[in-house]
Structures are given as structure tokens and as C-alpha cells.
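The structure appears right after this line, and notes come after that.
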Amino acid sequence: MTKITTVGLSLVASLAMMSGVQAKPNAVMAATSKVQAKAFHWKNATVYFLLTDRFNNADHRNDLSYGRKADAAPLRGYMGGDLKGITAKIKEGYFEKLGVDVLWMTPPVEQIHAGTDEGTGKSYGFHGYWARDFTRVDANLGTDKDFKEMVETAHQHGMRVLLDVVMNHTGPVTETDPVWPADWVRTSPQCDYKNADGAIKCTLVKNLPDFLTESDQAVALPPMLVAKWKKEGRYEQEVKELDQFFAKTGYPRAPRFYLMKWHADWIKKYGVDGFRVDTVKHVEAKVWKELKQVASAAYEEWKAAHPKRKLSNEAFFMTAEAYNYDIQDGLQFRMDGGTRVNYYANGFDSMINFGLKFAAHQEYEAIFSRYDQILHGELKDYSVLNYISSHDDDKPFDPARKRNFEAANKLLLAPGAAQIYYGDETARSLVQPQAQGDAVLRSMMNWDDLKRNSPLPDQAGVNYQDVLRHWQKLGQFRQAHLAVGMGRHQQLQASPYVFERSLHEGTQQDYVIVALDLPKAPQHVIPAGQFKEGQRVHDAYSGTESVVKDGKLVFSTGFPVLLLSAK
């Protein structure tokens with residue numbers, strides 16, 4: 001801990017000292033945006049995950065819709081963030097400066113209207129996982145037009161969009177939100193996790209109806225949706241589209257296929273580029289393979305209809321949230337009761353890696369070399385999405401945000417794709433004493449801290465802007481270099497720590513060297529790796545250059561980090 005703190009303070013002092021060389025890093029940022037459109041690969045993606053309601057409030061008129069009230073327990077009600085708020089930050093360049101190339105926000109679908117108490121105080125569906133109608137944007141977040149503008153704006157800035165998909169459950173039942181029919185959902189038993197069925201054919205918690213995704217029985221539309229759509233004047237159109245979907249696919253009118261059609265519509269209407277799928281282990285594996293087929297067909301249809309708006313010809317992407325999957329599991333997820341499930345063989349290109357938050361307590365090389373071994377071995381055809389904190393993980397790395405620079409280094413430089421949870425990059429605290437349960441992870445984005453640029457609590461000399469600047473520099477470098485996330489890793493020097501990443505796959509050729517935790521010294525001399533004698537090498541962190549001489553590189557930057565690539 002002491003070492004990391006010293007590095008952080010050294011970095012802050014260096015940033016202040018080097019304030020006169022900002023032009024070059026900005027030039028690097030501009031170049032990165034142009035390179036990214038050509039260089040993107042899902043294996044090297046930097047995904048920014050945010051709770052829409054907690055990110056940025058650009059329209060106060062929609063803060064409380066459907067008769068919702070400001071009567072929730074701490075951090076369990078709507079706080080005003082909306083789709084316009086995301087769009088505003090895209091246009092502002094916030095994500096580009098961070099090197100983000102994929103946006104993932106919580107499900108935008110209409111949530112249950114009332115609040116309910118699960119044992120931690122009255123809660124509303126601000127998080128997006130309590131669906132009432134999968135075909136409409138929740139009014140608290142905005143309108144269908146707002147969602148369309150957000151996706152189009154993201155695409156214009158070279159960023160893909162992941163839709164968060166929930167096919168496991170509806171929202172809780174309340175006095176104004178009726179339960180779906182018995183041929184659609186089960187309301188008991190509650191999951192006991194003793195075997196696979198104990199995690200699938202059951203409700204996650206009390207009063208969270210579970211879709212009968214195993215059923216092939218044809219079902220009629222829920223009366224609640226029929227009445228709702230008729231009131232909104234779109235019943236005939238929705239039924240017409242359903243009839244066309246079932247006629248075209250030949251699928252039975254079973255619950256899971258309705259859900260697939262409704263989620264695929266977000267692709268056909270708006271051009272979302274992939275799905276992040278929720279509660280994967282709580283649904284039969286074959287269902288996800290079926291979803292991938294439906295989604296892929298919708299994506300190809302959208303690309304054909306919008307040839308000038310598509311970012312590339314890449315296939316539709318899906319990443320899985322199978323709770324507690326660790327990269328160490330490789331292809332075989334450890335299901336409850338000892339069963340092993342290969343979700344990669346059932347439609348997924350990637351799995352969210354729950355393991356990094358624990359591995360991050362190890363030294364750099366222990367993490368990086370092990371991840372490299374797995375990703376270029378058993379998982380060579382796939383990838384993982386690493387993270388250090390998330391919206392429902394009660395064991396995040398560094399919840400008090402005392403190790404911000406180390407966290408950035410380990411997340412953004414680890415082999416694999418990276419998921420930044422909103423506020424990781426701004427030291428938004430995950431310790432909220434006034435809240436209970438997962439609400440402590442979901443405070444409002446700390447824009448005011450950035451604006452004031454005040455010192456972090458108990459971290460003299462470290463300001464919020466210092467933390468963000470470090471994340472931005474690493475994020476831009478990662479975005480510009482596919483080798484960071486998908487190249488082969490090799491340690492060049494143990495102390496100070498220096499490593500290389502090399503990528504040689506067809507037309508994808510890239511090579512970088514990174515040095516971390518460099519001591520405070522007038523000069524840093526490091527091995528040149530595969531850079532050739534006399535070659536000019538650029539440091540993206542400081543904007544300075546060096547020339548290889550006698551197999552060495554010498555930099556005088558004042559920073560404890562070097563991010564090197566060929567000039």
C-alpha cells in the first residue's frame with residue numbers, strides 16, 4: 001500500500017510539473033480517435049458501464065414519471081440521470097478523452113411503476129432490471145427519440161453500444177404492476193442453488209417472477225401489455241410485427257421467443273452493436289444460442305438498411321454475466337451443484353470476468369502473465385471483460401478509492417477487454433454509509449468533485465482531476481494499440497516493472513512497451529525490447545521521445561509511467 005501511495009503522489013507532482021507539455025498528449029488524443037475507427041477489436045475493447053439514472057441529468061422534466069415519488073430509501077429511488085445526459089457527455093468528448101470505444105448502460109426498457117421493499121427499504125426500478133414493458137423506453141430516462149439520438153451520436157464518435165438484456169425475470173409485483181400470466185412466469189420456488197435447476201427453474205429472490213424460458217408452449221400476450229399498447233395506440237402494429245416474426249422464424253409463440261423478438265427490435269430500430277446479457281446462469285444455455293441467432297439476423301438487417309451508419313462489417317457481439325465466472329474457469333463455467341457449462345459454445349463471444357477484483361491484489365506480473373496464458377490458450381478464440389467494480393458486486397477492488405492509479409494500471413493494462421464502471425476514473429466512492437446493500441455502489445456520478453478538483457479524502461496532494469487524467473492517458477493508449485488487450489505479454493524487467501505486448505495476427509501488427517511504478521529519478525533507463533537500434537520511440541504518457549541506443553531507452557519525464565510505441 002505504501003508503495004502505491006508514493007507512486008500516486010509522485011505522479012500527481014509530475015503532472016503538475018509537466019503542465020507545460022499538454023499539447024503533445026492532446027495531439028495523441030486526436031490521432032487516437034482517427035486510428036480507432038480502423039483498429040477496433042472486441043478483444044481490446046474499453047467498455048464504459050453506467051447506470052443511466054445515476055450518470056448525468058440533462059432533462060429535469062422527466063425526473064419522476066408514472067406517478068413515482070421521491071420516497072425511496074437512500075440511493076434506491078430515481079435521481080434524474082437520463083439518455084440526454086449520456087448524449088451530452090458523448091458530444092462533450094468525455095468518453096473519447098477516456099479512450100472508451102463501447103458504451104453499456106443499464107436496461108433502458110420501461111420499469112415497474114411503483115416501488116417495493118426487498119428488505120433494504122423501498123426501492124424503484126431505477127437500475128433497469130425490473131421490466132414492465134420490453135418494447136418502450138422508460139419515461140424517466142427519456143423517449144425512443146432520445147435513445148435513437150444517443151446511439152447515433154455514439155456511432156458518430158466511433159463508439160459501439162451494448163444493450164443490457166434481461167430474459168430471466170420481470171419486475172416485482174406491486175399494487176400497480178400485476179404479475180404476468182402463469183404460462184409466462186413462475187412465482188416459486190425461490191432458488192436454492194443446490195444444482196442447476198436450483199438456479200434456473202426458480203425465482204432469484206422473493207417476488208421476482210421468473211420467465212418460463214424452458215417452455216415451448218404457445219402463450220397469448222399478457223393482458224396488461226394488450227391494454228397498455230391499446231391505450232398507447234400501438235397494439236395493432238405490435239401484433240403485426242409479432243405475427244411477421246413468428247411466421248418468418250417458425251418459432252413457437254413461447255415466452256422466450258417473444259423476449260428475443262422484443263430485444264432484437266432494439267437492434268433493428270436503433271442499430272445497437274451487441275448485448276450484455278444479465279443473469280446468464282439462471283437461464284438454459286441453449287436459449288442464449290437461440291438469442292444470438294435472432295440478434296445476429298437483426299443486426300445484418302440493420303447494417304444492410306444503413307450502410308453509411310454502420311461502423312464496420314463485424315458480427316453481432318454478446319458478452320455474458322454468469323455470476324462468479326472467473327477467467328480461471330476457461331471455457332467451462334462452474335455451475336451450481338458441480339455442473340460445467342460452456343457458454344462460449346452457446347452464443348457468447350465474451351464472459352464478464354468476476355476474478356480481476358480479487359486478482360488485482362496481486363503483483364502486476366502475476367496477473368498479466370496468467371491472463372495472457374489463458375487468453376492465448378484455452379480462450380484463444382474468445383475473450384473476457386475485466387472489471388474492478390460494478391453495480392451489484394459487494395466485493396469491489398478498493399471501494400474507498402485509495403489506490404486509484406494502481407486500479408487503472410491493473411484494469412486498463414490487463415490482457416483482455418476492460419470495463420470501466422462509472423466513477424472508477426473519478427474516484428467516486430463506493431462507501432456510502434447511509435445506504436444498504438448494492439445501493440452503496442450506485443451513488444450519483446461525482447461531477448462536482450471533478451469541477452471543484454478538490455483533494456481526495458485522506459490523500460494529500462491527490463486531486464480528482466489528477467486521477468481522471470491518469471485514466472485518460474492509459475485509456476487513450478489502450479484504444480490506440482490493439483496489442484494492449486490482445487497481444488502476447490512478456491516481462492522485460494522485474495524492477496522497475498517493464499513489459500512488452502506484441503500482436504502479429506494477419507494485418508493486425510502492433511507492439512508496445514509499458515513501464516510502471518518507476519522510481520522518482522532524473523532519468524529512466526529501460527530495455528528497448530523489440531524496438532530496433534536507432535528507432536525513435538514515443539511515450540504517450542508524457543508526449544516525449546527517445547532513440548534506441550545499445551538496446552536501451554532513456555526518458556527524462558518525471559512520471560512513474562511510460563507508454564511506448566514506435567514513432
Practice task
Kindly assign one of parallel, tilted or perpendicular to the pair Y129 and H127, based on the angle between their ring planes and the thresholds 30° and 60°.
Solution key: parallel

Practice task
May I ask you to decide if the ring planes of F211 and W180 are parallel, tilted or perpendicular, using 30° and 60° as cut-offs?
Solution key: perpendicular

Handout entry: SB check D278 R276 (cutoff 4.0 Å)
Key = yes

Fill in the blank from the handout: Rounded to the nearest 0.5 Å, the CE atom of M318 sits from the CG atom of D273 at a distance of 14.5 Å

Exercise for the section: Can you establish whether the number of heavy atoms outside R61 located under 6.0 Å from its atom CZ is more than 12? Expected result: no

Problem - Close side-chain approach of D243 to F245, heavy-atom, < 4.5 Å - result: no

Practice task
Report yes if the side chains of W288 and F275 come closer than 4.5 Å at any heavy-atom pair, otherwise no.
Solution key: no

Exercise for the section: Check for a donor-acceptor pair, side chain of R160 on one end and backbone N or O of A45 on the other, with a separation under 3.5 Å. Expected result: no

Practice task
Measure up the Y78 and F126 rings against each other and bin them: parallel (under 30°), tilted (30 to 60°), perpendicular (over 60°).
Solution key: perpendicular

Problem - Chi angles and distances behind the side chain to side chain donor-acceptor pair (under 3.5 Å) call for R428, S443 - result: CA-CA 8 Å; R428 180 180 66 87; S443 59; 2.9 Å; yes

Exercise for the section: Find the distance between CD1 (I367) and CD (Q362) and round it off to the nearest 0.5 Å. Expected result: 5.5 Å

Problem - Aromatic ring proximity Y48/F95, centre distance under 6.0 Å - result: yes

Problem - Over-ring placement of K410 relative to Y364, 6.0 Å and 45° cut-offs - result: yes

Problem - Point-to-point distance, once rounded to the nearest 0.5 Å, from CG of L385 to CG of D349 - result: 12.0 Å

Problem - Check: T213/E284 side-chain N/O donor and acceptor closer than 3.5 Å - result: yes

Practice task
Please test N353 against Y371 for side chain to side chain donor-acceptor pair (under 3.5 Å), starting from the C-alpha separation and ending with a verdict.
Solution key: CA-CA 11 Å; N353 174 29; Y371 279 32; 3.0 Å; yes

Practice task
Would you tell me whether W471 and D424 have side-chain atoms, one donor and one acceptor, within less than 3.5 Å of each other?
Solution key: no

Problem - Residues T174 and D177: side-chain donor-acceptor under 3.5 angstrom - result: yes

Handout entry: Test item: P189 and T203 side chains (from C-beta on) under 4.5 Å apart, heavy atoms
Key = no

Handout entry: Spatial distance of atom SG (C202) from atom NE2 (H169) [nearest 0.5 Å]
Key = 12.5 Å

Completion exercise
Distance col, row R403:CZ vs D398:CG, nearest 0.5 angstrom, shows 6.5 Å

Problem - E232 vs R234, salt bridge (charged side-chain N to carboxylate O under 4.0 Å, His left out): CA-CA, chis, key distance, verdict - result: CA-CA 6 Å; E232 295 169 352; R234 57 191 181 100; 2.7 Å; yes

Handout entry: Ring geometry between H391 and F49 (parallel below 30°, tilted from 30 to 60°, perpendicular above 60°)
Key = perpendicular

Practice task
Assess whether side chain to side chain donor-acceptor pair (under 3.5 Å) is satisfied between N57 and D63, documenting all intermediate values.
Solution key: CA-CA 8 Å; N57 191 353; D63 286 359; 3.2 Å; yes

Exercise for the section: Report yes or no: does R256 contribute a side-chain atom to a donor-acceptor pair with the main-chain N or O of S215 at less than 3.5 Å? Expected result: yes

Exercise for the section: Compute the ring centroids of Y323 and F354, then answer whether they are less than 6.0 Å apart. Expected result: yes

Practice task
Assess whether salt bridge (charged side-chain N to carboxylate O under 4.0 Å, His left out) is satisfied between D329 and R340, documenting all intermediate values.
Solution key: CA-CA 10 Å; D329 294 335; R340 297 292 184 268; over 6 Å; no

Practice task
Give a yes or no on whether the backbone of L225 and the side-chain of D133 come within a donor-acceptor separation of less than 3.5 Å.
Solution key: no

Exercise for the section: Test side-chain contact (heavy atoms from CB on, under 4.5 Å) on L75 and Q432 and set out the steps. Expected result: CA-CA 9 Å; L75 295 181; Q432 303 290 332; 3.9 Å; yes

Handout entry: Salt-bridge criterion met for D438 and R442 (N-O under 4.0 Å)
Key = yes

Problem - Nearest-0.5 Å distance, OG1 of residue T426 to CZ of residue R401 - result: 7.0 Å

Problem - salt bridge (charged side-chain N to carboxylate O under 4.0 Å, His left out) evaluation trace for E314 with K303 - result: CA-CA 10 Å; E314 66 201 21; K303 287 190 295 183; over 6 Å; no

Exercise for the section: Would you please name every residue forming a side-chain hydrogen bond (donor to acceptor under 3.5 Å, both in side chains) with D265, sequence neighbours left out? Expected result: K261

Problem - F134 backbone acceptor or donor facing R136 side chain under 3.5 Å - result: no

Problem - Electrostatic pair R68:D138 at N-O distance under 4.0 angstrom - result: yes

Problem - I388 vs L356 side-chain heavy atoms within contact, under 4.5 Å - result: yes

Handout entry: Residues that Q237 engages under side chain to side chain contact (heavy atoms under 4.5 Å, CB included), provided they are two or more places apart
Key = K240, E241

Practice task
Examine the side chains of T120 and R76 and answer whether a donor and an acceptor come within less than 3.5 Å of each other.
Solution key: yes

Exercise for the section: For D82 and G85, indicate whether the former's side chain and the latter's backbone hold a donor-acceptor pair under 3.5 Å. Expected result: yes

Problem - Working for side-chain contact (heavy atoms from CB on, under 4.5 Å), residues S389 and L430 - result: CA-CA 9 Å; S389 71; L430 303 180; 3.6 Å; yes

Practice task
Could you label the plane-to-plane angle of the F333 and Y325 rings as parallel, tilted or perpendicular, counting under 30° as parallel and over 60° as perpendicular?
Solution key: tilted

Practice task
May I ask you to decide if H282's main-chain N or O and N168's side chain share a donor-acceptor pair within less than 3.5 Å?
Solution key: yes

Handout entry: Polar side-chain atom of T143 near backbone of A139 as donor-acceptor pair, under 3.5 Å
Key = no

Practice task
Go through the side-chain N and O atoms of R334 and T339 and say whether any donor and acceptor fall under 3.5 Å apart.
Solution key: no

Problem - Between D71 and Y124: side-chain donor-acceptor atoms closer than 3.5 Å - result: yes

Exercise for the section: Tell me yes or no: between the side chains of E425 and Y94, is some donor less than 3.5 Å from an acceptor? Expected result: yes

Exercise for the section: Flag this pair as yes if the NZ/CZ of K230 is under 6.0 angstrom from the six-membered ring centre of Y235 and inside a 45 degree cone about the axis; otherwise no. Expected result: yes

Exercise for the section: Hey, can you tell me if W266 and F147 have their rings parallel, tilted or perpendicular (30° and 60° cut-offs)? Expected result: perpendicular

Practice task
Using a cut-off of 6.0 Å, state whether more than 12 heavy atoms not belonging to K268 lie near its atom NZ.
Solution key: no

